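Quick caveat, the model's predicted, so the values are computed rather than measured.
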Amino acid sequence: MSDSLINTSYIRNENGKVTLSGAQSGIDWQASVDAIMAAKRIPVDMVQTKIDNNDLLVSSYDDLKLLTKDLASKLALLKGTNVYSSQANVFDEKVAGAISRASDDAAADHVPTAAVNLLGVSVTSDAQKGTHTVEILQTARAQQIRSGAFSSKFDTFSDMGMNTGTIEINGKNIEVLGSDSLANVRDKINSLNTGTDAIGVSASIVSVSDTEHYLVLTSEDTGVANAITFGGDANVHNEQAGLGLGFTQDGTADVANEVRAAQDAQIVVDGLSTVISRSTNTIDDVLEGVTLELLDSEVDTEIEITIDHNYQAVKDSIVDVVDAFNALRDFMDDQRSEVVRVEGEDPTRGPLAFDPAMREVENALSGIATFFNESNVDGYQSLGQVGITLTDDFQLELDDSVFDGKLLGDLSSMENLFSFQVSTSDARIVYYDHTTATTTELNGTDLQQFYLNISGTDANGNVYGGNITTVLANGSTADGTIEVNGNKITVTSGPAEGMSFLVLGDNLGPITDVSLSYSRGAADVLFEAYDKINSNEGAIQSSRDSAESANEQYMDDIERMEDRLTRVRESLTARFIAMETAMATMNNLKKQLEAQLSALSSSKDN
């Protein structure tokens with residue numbers, strides 16, 4: 001008899017464990033286990049679907065935040081700034097143009113060189129609008145001198161019978177050795193012309209022929225004050241009948257061979273009789289906010305410089321806002337539209353179609369489209385007045401012809417329409433900042449007026465205290481509260497809530513009824529709204545964080561569910577294996593009994 005009559009088939013799982021499947025029962029229990037487990041995995045798959053959906057949600061929040069940040073960055077250039085802000089204000093930008101013409105004293109046949117070849121002009125926002133004339137009498141030049149002639153660049157001074165010792169150039173010592181050549185001296189000078197304490201002189205060799213070489217020194221800076229100076233052993237830097245370097249005259253430190261004299265720039269501005277001299281060709285201290293780059297001189301030629309507001313930059317910035325607004329609107333429209341988002345699947349709306357954060361973004365957008373500034377009584381009060389309208393599909397559209405006319409016609413009114421404006425009746429009270437809490441409406445008007453009272457400052461300029469009110473009351477009443485921090489006053493409630501001011505001055509006595517007024521422009525209001533929405537505590541980031549936090553919890557849930565499913569599979573597999581084993585034992589016993597009965601039957605027959 002064989003050791004086993006059990007006929008088995010084997011199944012190896014992912015861990016390498018061998019199990020039997022239906023060898024004795026005829027049941028494919030492994031398939032049954034797989035089917036059972038597939039059914040039990042449905043909750044896991046449902047949670048995974050939630051994770052996938054949240055991943056799409058997070059990605060959509062990122063897209064939304066990118067678009068809102070882009071819009072906010074464009075609005076920032078238009079919203080207005082305070083005197084302490086590093087943020088650019090496009091309404092303050094200036095641009096300069098220049099044309100040349102013959103001066104009144106020029107000869108009749110004098111033909112002026114084009115301004116672009118004589119003068120470069122750049123301006124900052126500090127430049128004042130206006131016209132100026134500049135006549136360039138001479139440009140600044142750097143001094144250049146040469147040595148005496150040398151027959152070789154590389155022969156040593158000893159071989160050429162040259163004097164040696166220590167010379168001083170611009171206060172720096174250079175040791176000239178007998179083993180040095182002209183090239184070595186050049187390199188020693190240039191090695192000192194680096195770093196923060198450079199010699200200010202560059203050295204080069206000009207070779208006229210194989211037997212005639214000169215060491216040429218050039219000052220790094222223009223102007224008479226930057227002429228090259230010499231000292232040290234005179235017999236080395238003097239001419240000395242060809243035995244010295246030949247930079248200076250014998251017995252002195254005076255230059256012997258000057259190739260180009262040091263020269264200051266000289267200009268006449270606005271026809272003034274005083275000639276203005278500077279050591280450099282870059283002049284930025286004559287006209288406030290204006291840098292003049294002198295390129296060439298030409299007597300009897302006046303260059304007329306016109307400084308004006310940068311109207312093109314203003315328009316470009318407003319067009320950028322319109323484009324960013326429309327891009328954000330396109331995104332929101334796409335989220336709410338039923339379109340095919342995955343090839344082969346049915347059309348669906350986007351993850352943010354009904355999202356509260358996106359609704360908050362949309363509400364802010366609607367604010368700029370309907371913005372109305374009542375305080376700008378004699379100017380532009382709405383975007384529609386300057387040619388920016390809302391189309392039927394809620395996109396902003398700019399009419400170039402209308403807008404250009406309004407911009408060129410009244411830039412100040414355009415600025416008031418978009419920017420935050422504030423004024424104070426006392427120069428010692430300076431606007432510092434405001435927040436989203438600063439209201440746009442008070443007593444039915446967009447022009448907010450109130451009065452600030454302070455009780456004085458100490459020797460360090462720190463404010464003792466104060467109050468804020470909407471009525472003239474010689475400081476005796478208060479409609480709101482303020483917070484004092486050093487010389488900074490912040491309005492914490494009441495009129496002008498969220499605004500802050502600096503009080504300038506030490507040992508000031510009481511200052512009462514300082515009139516303060518402000519109005520908020522369209523760009524300012526929308527920027528503040530989106531700055532809040534885009535903050536780490538804003539609606540978009542908060543919603544994104546919630547989705548990511550939910551996914552972390554879902555992942556933990558899946559891990560627990562997977563552990564439980566593993567135990568269930570192991571339990572089911574163990575039961576089926578036990579069943580197979582039991583049936584194998586019974587089949588074995590059955591065959592043994594059948595064999596014994598067959599043997600008994602055969603013995604009876606005999």
Side-chain angles (χ1 to χ4, degrees), residues 138-266 277-282 293-297:
Q138 66 181 40
T139 57
R141 297 192 303 185
Q143 187 184 36
Q144 190 174 66
I145 63 176
R146 67 167 176 82
S147 68
F150 281 74
S151 60
S152 173
K153 292 188 292 185
F154 303 113
D155 288 349
T156 66
F157 278 32
S158 294
D159 291 342
M160 292 186 292
M162 304 291 295
N163 296 333
T164 59
T166 301
I167 62 172
E168 185 182 281
I169 300 177
N170 282 0
K172 300 290 184 181
N173 290 331
I174 299 154
E175 190 174 6
V176 180
L177 304 174
S179 58
D180 284 334
S181 65
L182 191 63
N184 293 142
V185 175
R186 174 200 62 195
D187 295 341
K188 285 184 176 182
I189 295 172
N190 287 335
S191 69
L192 295 174
N193 197 32
T194 60
T196 56
D197 190 27
I199 192 173
V201 172
S202 62
S204 58
I205 294 176
V206 176
S207 298
V208 177
S209 69
D210 291 343
T211 58
E212 186 179 355
H213 308 276
Y214 298 90
L215 183 60
V216 177
L217 303 184
T218 305
S219 177
E220 293 287 287
D221 297 309
T222 57
V224 174
N226 296 307
I228 303 169
T229 62
F230 291 91
D233 294 333
N235 67 327
V236 179
H237 61 73
N238 282 173
E239 292 177 307
Q240 295 290 308
L243 299 179
L245 287 169
F247 288 127
T248 56
Q249 301 172 19
D250 288 346
T252 72
D254 297 334
V255 173
N257 298 296
E258 189 170 52
V259 178
R260 183 177 64 227
Q263 179 175 284
D264 287 337
Q266 292 184 350
S277 296
R278 296 291 185 270
S279 63
T280 175
N281 288 315
T282 301
E293 195 71 40
L294 310 188
L295 305 177
D296 202 354
S297 61

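Side chains of Glu175 and Thr166: a donor-acceptor N/O pair is absent below 3.5 angstrom, by distance only.
To the nearest 0.5 Å, the span separating CD on Gln263 from OG1 on Thr139 amounts to 6.0 Å. Distance OG1/Thr229 to NZ/Lys172: 11.5 Å, rounded to 0.5 Å. Going from atom CG of Asn163 over to atom CG of Asn235 covers 4.5 Å, rounded to the nearest 0.5 Å. Note that CD1 of Ile199 and CD1 of Ile174 are 4.0 Å apart. Values are rounded to the nearest 0.5 Å. Separating the CG atom in Asp159 from the OG atom in Ser179 is a distance of 10.5 Å, to the nearest 0.5 Å. To the nearest 0.5 angstrom, Ser204 atom OG is 13.0 Å from Arg146 atom CZ.
In plain terms, the two heavy atoms of Ala140 and Thr280 that are nearest each other are CB-C, 3.9 Å.
Within the 3.5 Å criterion, the main-chain N or O of Gly200 finds a donor-acceptor partner in the side chain of Asn193. No donor-acceptor pair under 3.5 Å is formed between the side chain of Asn173 and the backbone N or O of Glu168. Under a 3.5 Å cut-off, the side chain of Asp250 and the backbone N or O of Gln240 do form a donor-acceptor pair. Between the Ser279 side chain and the Gly223 main chain, no donor and acceptor come within less than 3.5 Å of each other. Using modelled atom types, one side-chain atom of Gln138 and one backbone atom of Asp264 make a donor-acceptor pair closer than 3.5 Å. A side-chain donor-acceptor contact under 3.5 Å links Thr248 to the backbone of His237.
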